[in-house]
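What follows is a short report on a single structure.
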Amino acid sequence: LILGGALVLFQGESLGEGAMAALLWSLPAPIGFGFIIVVLSGMTASLNPLERMASGMLGAILGLAPLAVTTEAAMLLPGSAGQWALVLAMGLVTALIPQFLYTIACPRVGAARAAAAGSFELPTMLIVGWLFFGEALGPQQAFAAALVLTAILLSPPVSAPPVAAPSERAA
């Protein structure tokens with residue numbers, strides 16, 4: 001359902017020259033993220049949330065490394081102190097805090113539900129595009145978002161064993 005939602009929105013004819021190569025270079029990222037979800041939800045119960053998050057972030061770095069290595073550094077780095085502060089603030093609010101919460105919740109809800117919840121990014125980006133960039137929302141976008149939301153709702157809940165707090169594990 002999630003891939004279907006992405007395919008509904010895919011417009012290959014609008015891709016510029018070299019875009020397909022960039023898409024292929026970014027393919028390791030979703031594969032790595034999927035692997036991270038499985039590991040976080042089922043294999044890391046003995047780790048505390050910060051240890052789980054560090055392992056997940058390492059996977060994200062490895063998944064995005066091919067794209068970063070093939071891009072000019074000047075295109076990736078902010079040019080002023082104000083831009084660095086904005087990047088830091090955005091990273092904290094949009095990446096670090098949500099990732100920390102996701103890392104805590106992942107073992108409790110299971111891999112299927114965690115992966116589906118992570119896919120909520122597609123409808124979120126449709127809304128952000130509409131609100132902040134004036135992009136049109138039509139039946140095609142509504143159908144894609146409905147497919148993703150259906151996948152989230154159909155994801156089976158998992159009765160994960162309760163994760164012991166670090167103080168309980170030591171006892």
Side-chain angles (χ1 to χ4, degrees), residues 1-2 5-6 9 26-69 71 73 75-135 137 141 144-145 147-170:
L1 288 172
I2 292 166
L9 296 177
S26 63
L27 191 58
I31 294 168
F33 295 140
F35 182 70
I36 290 167
I37 289 168
V38 171
V39 170
L40 286 177
S41 63
M43 301 178 171
T44 59
S46 63
L47 300 176
N48 70 43
L50 288 176
E51 292 168 334
R52 287 195 303 267
M53 193 166 103
S55 65
M57 292 294 98
L58 178 60
I61 289 168
L62 293 175
L64 293 171
L67 188 60
V69 168
T71 305
M75 293 178 63
L76 298 175
L77 298 175
S80 70
Q83 290 174 340
W84 276 104
L86 183 60
V87 167
L88 180 64
M90 289 176 60
L92 186 65
V93 172
T94 66
L96 185 64
I97 294 170
Q99 183 64 36
F100 184 69
L101 296 173
Y102 191 74
T103 302
I104 290 171
C106 211
R108 290 171 167 71
V109 299
R113 188 154 279 179
S119 299
F120 194 70
E121 183 176 359
L122 188 134
T124 302
M125 289 301 101
L126 291 174
I127 293 168
V128 168
W130 174 66
L131 285 174
F132 296 107
F133 301 109
E135 294 180 1
L137 290 180
Q141 289 78 15
L147 287 174
V148 171
L149 294 174
T150 301
I152 293 169
L153 293 172
L154 291 177
S155 296
V158 174
S159 300
V163 178
S167 60
E168 294 173 358
R169 283 185 288 205

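Fair warning: this is a prediction, and the values are worked out from it, not measured in the lab.
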Within 6.0 angstrom of Q83 CD, more than 12 heavy atoms from elsewhere
yes
Gap between atom CG of L137 and atom CG of L126 - 0.5 Å precision
6.0 Å
I'd like to check the side-chain contact (heavy atoms from CB on, under 4.5 Å) partners of [X]; sequence neighbours left out, ordered by chain and number.
| X | result |
| --- | --- |
| F133 | V128, E135 |
| I104 | P49, F100, R108 |
| L86 | M90 |

Locate the shortest heavy-atom distance separating V148 from L122; write the atom from each residue and the value.
CG2-CD2, 4.1 Å
